[in-house]
Amino acid sequence: MQDYQVFLEEVLIPAEELQNRIAQLGKEISEDYQEKNLHLICILRGGVLFLADLMRHIDLPHTIDFMAVSSYGSGARQSTGQVRIALDLKEDIHDRDVLLVEDIVDSGYTVASVLEMLATRHPRSLKVCTLLDKAERREIEVPIHYRGFTIPNKFVFGYGLDLDEYYRNLSFIGTVNPKKYQPPE
Ligand code: IMP
Ligand code: MG
């Protein structure tokens, strides 16, 4: 496996900046969800690090659950529209104040489809919190209630986001120099 230093173009968001912003988001969410029945739903796998850090800044009783989705079609880096559930939630969301926690909103198809599926299960409320928003790439409108950072149209990795499934463990968000990156065999 290549050392990320080889293909790292730029540290787009350093670890400290991520942590500071996540603390602010946690504070906002804590204020907004007082007296509510907050239930965080994390979309696997990219959102895991974000969820784990965010929930430590949410100063309210809350619950969590996970779901995994996959896009129809191949193209791993390009969503194609509809997504299907690969791993469903463990718990019922009826009457809960659901906050969807995502790593990145790119074309918007993933979050749009997940919102549509969750809405049919009648949560009391349904909102979206994304760490990253690649706004220029949006193809379908999605409501974003909490946004960490708006980023340029570049492929990023680290802090939960993968490059061919690796490098999720890095504590910063970096951009890739495609000329220097060699995918695993
Ligand atoms: P969307 O359906 O196009 O909004 O894509 C969302 C999914 O694509 C995210 O949940 C990520 O898994 C993946 N994705 C989009 N952009 C990037 C990126 O720059 N790096 C890593 N994964 C990405
Ligand atoms: Mg993802």
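Atoms within each ligand, like the ligands themselves, are counted from 1 in listed order. Since the structure is predicted, the reported quantities are computational estimates derived from the model, not experimental observations.
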Taking both backbone and side-chain atoms of Lys134, is any N or O found less than 3.5 Å from an N or O belonging to ligand 1?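 Yes, at least one N or O pair falls under 3.5 Å.
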Backbone or side chain, does any N or O of Val105 fall under 3.5 Å from an N or O of ligand 1?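 No; the residue has no nitrogen or oxygen that sits under 3.5 Å from a nitrogen or oxygen of the ligand.
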Would you please name every residue forming a salt bridge (Lys or Arg N to Asp or Glu O under 4.0 Å) with Lys27, sequence neighbours left out?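 With neighbours one apart ignored, the set is Glu31.
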Taking heavy atoms and a distance under 4.0 Å, where does Val156 meet ligand 1: side chain, backbone, both or neither?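 Both of them.
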Test of understanding: given a 4.0 Å heavy-atom threshold, classify the contact between Ile43 and ligand 1 as side chain, backbone, both, or neither.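 Ile43 to ligand 1: no contact under 4.0 Å from either part.
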Please find out if less than 6.0 Å separates the ring center of Tyr181 from that of Phe157.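 Ring centres of Phe157 and Tyr181 not closer than 6.0 Å.
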Are [X] and [Y] close enough for a salt bridge, meaning some N to O gap below 4.0 Å?
X	Y	answer
Asp97	Lys127	no
Asp88	Arg121	yes
Asp65	Lys90	no

What atoms in ligand 1 come closer than 4.0 Å to a heavy atom of [X]?
X	answer
Thr110	1 (P), 2 (O), 5 (O), 6 (C)
Asp162	21 (C)
Glu102	10 (O)

Which one of Ile173, Asn169, Val48 satisfies the side chain to side chain contact (heavy atoms under 4.5 Å, CB included) criterion with Tyr159?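 Option passing the side chain to side chain contact (heavy atoms under 4.5 Å, CB included) with Tyr159: Ile173.
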Non-hydrogen atoms of Gly46 versus ligand 1: any pair closer than 4.0 Å?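 Contact check Gly46 vs ligand 1: negative.
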Contact check, Phe157 vs ligand 1, heavy-atom distance below 4.0 Å: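 Judged by the 4.0 Å heavy-atom criterion, Phe157 does not count as contacting ligand 1.
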Among all residues two or more places apart in sequence or in another chain, which pass the side-chain hydrogen bond (donor to acceptor under 3.5 Å, both in side chains) test with Tyr4?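 Partners of Tyr4 by the side-chain hydrogen bond (donor to acceptor under 3.5 Å, both in side chains) criterion come out as none, since no residue qualifies.
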Who's closest to atom 11 (C) of ligand 1 heavy-atom-wise, of Val114, Ile173, Ile104, Leu132?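 Shortest heavy-atom distance from atom 11 (C) of ligand 1: Ile104.
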